[in-house]
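Notes follow the structure.
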Amino acid sequence: MSDVISDTPSPAHGLQRRSLLQGTAGILAAGLFPAIHAQEKIVLRYLGTAVNQDKAIAEKFKADTGIEIQYVAVTTDDVTKRAVTAPNSFDLIDTEYFSLKKIVPTGNLKGIDTKRIKNADKITPLFTQGTVAGKAVGEQGTAPKKVMFLEGEKSKVFAKSPTQFMSLIPTVYNADTLGIRPDLIKRPIDSWAELLNPEFKGKTAILNIPSIGIMDAAMVVEAMGLYKYPDKGNMTRKEIDLTIKTLIEAKKAGQFRALWKDFNESVNLMASGEVVIQSMWSPAVTAVRSKGVACNFQPLKEGYRAWAAGFGVPATLSGRKLDGAYEFINWFLDGWAGAYLNRQGYYSAVLDTAKAKMEAYEWAYWMEGKPAEKDIKGPQGQVLAKAGSVRDGGSYEARMGAIACWNAVMDENNYMVQKWNEFVAA
Amino acid sequence: MGHPTSPPTAGLPAKQGVAAWWQAAPLTLVFALFFLVPLALVLMVSFWDFSEYELLPGFTFKNYVAIFEGCADLAQPCVTLSTYLSTLKFSLLVWGITLVLGFAVAYFLAFHVRSPGMQTLLFVLCTVPFWTSNVIRMVSWVPLLGRNGLVNQTLADLRLIDTPIEWLLFSDFSVVLAFVHLYTMFMIVPIFNSMMRIDRSLIEAASDAGASGWQTLWSVVVPLSRTGIVIGSIFVLTIVMGDFVTIGVMGGQQIASVGKIIQVQTSYLQFPLAAANAVILLAIVLMVIWGLTRLVDLRKEL
């Protein structure tokens with residue numbers, strides 16, 4: 001515990017000294033040190049990507065519970081890296097399910113006791129059973145249900161069937177597709193193959209996070225009819241070679257304007273018109289729109305590449321900080337945060353509670369795919385869609401039911417990264 | 001640069017030797033702790049094996065072999081080779097341009113600006129951009145050079161172009177431009193410094209002896225500024241060789257650099273591979289510096 005505390009920045013030390021003084025006064029007054037100690041403020045260091053680290057969520061949580069959330073924002077790759085190499089540098093991790101294949105074998109995460117999670121049994125069956133509205137969705141890649149449960153609290157292996165301990169408690173998830181600028185393309189787009197269509201030469205971009213970028217590339221390869229993968233999320237070396245070769249040929253022909261690695265880069269590329277079609281994340285599309293620029297999160301006939309993120313707890317977390325982490329997770333699933341995320345175009349893990357915190361017309365627009373009765377506003381109050389418009393991809397069931405594959409870590413990951421470097425260097 | 005710790009005891013009586021060792025100790029300690037030990041660790045890790053999530057101590061040449069895999073075929077250069085070639089290309093281009101620019105600015109400051117007050121003022125003016133961060137200075141080019149950026153808009157408004165110029169941004173051009181913008185200062189400072197130490201009577205003597213302006217420049221000023229040029233060159237070359245942020249931001253993430261590859265590898269926990277790459281890069285940079293220091297004896301000149 002001590003090294004956990006020593007990692008926190010100086011304000012915490014200041015507080016400790018002050019509470020020590022208070023504590024001393026308390027001992028003098030009542031001779032009851034633990035009671036005073038218990039009032040010391042909890043600060044949770046929340047490691048994740050900037051996308052999910054919303055200031056409003058931390059503020060609302062602090063107002064509700066008095067617990068402070070200290071965001072540590074790094075890139076997707078770095079979240080994994082820190083979870084593996086520096087598990088004591090955070091109290092709560094917000095990471096994606098596909099990263100678990102790397103993190104769980106290190107034993108740095110603790111199984112989350114579902115008995116302490118109030119809404120655990122209300123988590124959408126997409127995570128526990130891999131179904132949407134009773135129908136099974138695509139399982140290629142690291143589908144959450146494959147890595148959802150651990151055999152025990154301190155287990156380093158995934159359980160085959162549901163247990164009491166979850167590896168991550170799902171928070172947000174979505175199905176990704178291509179983002180397009182309809183005002184600059186001026187024709188319908190319905191296939192992943194369009195990403196490499198020479199018509200958009202020098203105006204496309206792809207994600208430069210190798211393990212995700214290669215999945216997008218695989219969607220394109222299949223859509224172009226070049227090859228049908230048995231599992232896009234777990235390619236053989238030959239399949240990786242083919243995929244990268246396709247990318248390199250396109251790059252040499254000048255297809256890509258840029259590659260992007262973080263949320264803001266993708267927003268800027270699209271909003272500035274440098275790029276008219278690219279792999280994109282749903283909230284990034286929302287962000288482009290809120291700048292007043294037309295942008296579609298385009299549903300495509302081959303389906304979506306899905307991802308899901310969740311909260312994990314480091315194995316060394318204990319005592320009041322652990323309680324605080326559970327409190328945050330429970331609070332997060334309780335509806336306010338879920339509604340907040342739904343309004344950004346994400347999906348929340350517990351739909352019932354989020355629904356209770358949203359207006360009926362908002363729910364109908366975001367989740368049921370119905371035309372907006374009134375103007376749809378984002379969490380910050382900016383108008384995202386005019387009355388009458390329909391959400392890209394339609395309802396929750398239409399979109400999440402069309403998952404083709406999940407973000408993944410392949411068995412041949414090292415080889416894939418090496419080949420991806422070749423693509424970047426080509 | 002090579003031996004900052006060697007105590008200047010040469011030729012001193014033995015009695016003072018002990019004191020000198022003590023004086024050198026703090027720096028030696030810092031040098032060992034923050035340079036030699038980490039370097040040794042990197043060297044050690046570069047021979048380790050690794051899996052998805054852990055480093056496996058041992059001794060293997062696997063990482064070095066992986067780096068040079070397929071490099072024998074020169075018709076289709078391997079990643080390592082093409083990356084080094086691209087890094088080298090940027091290093092030389094940036095070095096050449098910053099050298100000419102830096103020399104010109106330093107020459108102006110040292111010989112054309114007469115009053116020391118004005119010199120200081122202009123010199124400080126050169127450092128003003130350094131008050132903001134590197135990345136911000138870099139990113140500020142993007143809205144200027146973009147497809148719908150200021151430059152393209154202006155040219156279109158002047159009816160000089162019909163379609164936007166694409167190569168202004170996310171290209172070799174923008175990378176070099178940003179590098180020059182960011183690092184010319186590292187040339188100006190050392191060259192200005194050595195120019196200020198040139199005895200002005202030498203210039204007068206050259207002029208009296210009938211030398212033209214160019215002759216004076218080439219035969220007097222340039223040789224006497226050699227120290228500054230070499231120091232500036234070391235700065236610029238080493239920075240550009242290791243850079244991955246500038247190339248990433250200005251190149252649209254699709255131009256290779258050795259630093260970028262090391263960064264990708266570390267973010268996928270391939271530390272041994274990254275370490276091996278770093279060792280090779282370090283060896284090459286040290287060779288460049290060694291070559292440059294052959295041209296001038298820095299310790300004697302300073």
Side-chain angles (χ1 to χ4, degrees), chain A residues 74-85 99 101-108 156 201-203 205-211 247 251 254-262 264-265 268-269 271-276 409-411 413-426, chain B residues 50-55 62-63 66-67 69-70 76-87 139 142-143 145-149 152 164 166-171 174 244 247-258 260-274 277:
Chain A
V74 296
T75 62
T76 307
D77 292 339
D78 280 346
V79 174
T80 315
K81 189 166 81 179
R82 280 184 70 156
V84 172
T85 58
S99 305
K101 273 188 165 175
K102 287 183 166 192
I103 306 173
V104 166
T106 63
N108 289 348
K156 293 181 184 180
K201 190 180 152 189
K203 294 179 179 178
I206 195 168
L207 191 57
N208 191 15
I209 298 173
S211 54
L247 284 177
K251 188 185 169 194
Q255 185 70 10
F256 301 113
R257 179 66 168 157
L259 311 179
W260 62 269
K261 185 145 192 172
D262 78 39
N264 292 323
E265 277 178 326
N268 292 338
L269 284 172
S272 63
E274 296 297 335
V275 153
V276 300
V409 168
M410 308 184 180
D411 295 338
N413 192 47
N414 287 338
Y415 181 73
M416 189 274 291
V417 172
Q418 188 189 332
K419 295 300 281 186
W420 188 267
N421 275 334
E422 237 168 78
F423 163 57
V424 173
Chain B
F50 62 98
S51 74
E52 280 296 298
Y53 50 86
E54 59 184 347
L55 305 180
K62 219 173 90 179
N63 303 309
I67 289 171
E69 212 172 349
Q76 209 172 10
C78 59
V79 192
T80 310
L81 204 63
S82 58
T83 311
Y84 273 97
L85 283 178
S86 125
T87 307
V139 169
V142 174
L145 301 176
R147 182 176 284 138
N148 305 308
N152 269 323
E166 305 272 337
W167 52 260
L168 285 177
L169 190 59
F170 302 142
S171 59
S174 58
F244 62 91
I247 292 188
V249 172
M250 299 307 291
Q253 307 285 359
Q254 48 174 342
I255 292 176
S257 88
V258 186
K260 185 78 200 168
I261 284 187
I262 294 176
Q263 191 218 6
V264 172
Q265 283 164 342
T266 53
S267 64
Y268 276 79
L269 302 164
Q270 304 175 338
F271 288 107
L273 255 181
N277 253 320

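Reckoned from all heavy atoms, side chains included, excluding hydrogens, waters and symmetry mates. Sequence lines set the chain letters: A, B, ... in the order given, protein chains first and strands last, and positions in each chain run from 1. Just so we're clear, the structure is a prediction, and the values are computed from it rather than from any experiment.
Partners of Asp411(A) by side chain to side chain donor-acceptor pair (under 3.5 Å), not counting sequence neighbours, listed by chain and number: Asn234(A). Scanning for side chain to side chain contact (heavy atoms under 4.5 Å, CB included) contacts around Glu166(B) gives Arg257(A), Arg147(B), with sequence neighbours left out.
Looking only at side-chain heavy atoms (C-beta outward), Phe170(B) and Leu269(A) come within less than 4.5 Å of each other.
Residue-environment remark: NZ (Lys203(A)) stays at or below the threshold of 12 foreign heavy atoms within 6.0 Å. The environment of Lys251(A) atom NZ is dense: over 12 non-hydrogen atoms of other residues, nucleotides or ligands sit within 6.0 angstrom.
The stretch residues 79-87 of chain B places Val79(B), Ser82(B), Thr83(B) near chain A, each with some heavy atom under 4.5 Å from a heavy atom of that chain.
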Side-chain atoms of residues 264-274 of chain B: list all donor-acceptor pairs with protein atoms under 3.5 Å, sequence neighbours left out, distances to 0.1 Å.
from, atom 1, to, atom 2, distance (Å)
Gln265(B), OE1, Asn277(B), ND2, 3.0
Thr266(B), OG1, Ile262(B), O, 3.3
Thr266(B), OG1, Gln263(B), O, 2.8
Ser267(B), OG, Gln263(B), O, 3.4
Ser267(B), OG, Val264(B), O, 2.9
Tyr268(B), OH, Asp77(A), OD1, 3.2
Tyr268(B), OH, Ser211(A), N, 3.2
Tyr268(B), OH, Ser211(A), OG, 3.2
Gln270(B), NE2, Asn414(A), OD1, 2.8

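Residue contact with chain B, scored on non-hydrogen atoms closer than 4.5 Å, is absent for Val74(A). Heavy-atom distances place the backbone of Ile255(B), and not its side chain, under 4.5 Å from chain A. Residue Leu55(B) does not touch chain A at all, counting heavy-atom pairs closer than 4.5 Å. For a residue to count as touching a neighbouring chain, one of its non-hydrogen atoms must lie under 4.5 Å from one of that chain's; by this rule Val424(A) touches chain B with backbone and side chain alike.
Gln254(B) contributes a side-chain N or O that, together with a main-chain N or O of Phe256(A), makes up a donor-acceptor pair within less than 3.5 Å.
By number of non-hydrogen pairs under 4.5 angstrom with chain B, the leading residue of Pro210(A), Ala83(A), Gly202(A), Ser272(A) is Pro210(A).
Residue Glu265(A) holds its CD atom at 5.0 Å from CD of Gln253(B), rounded to the nearest 0.5 Å.
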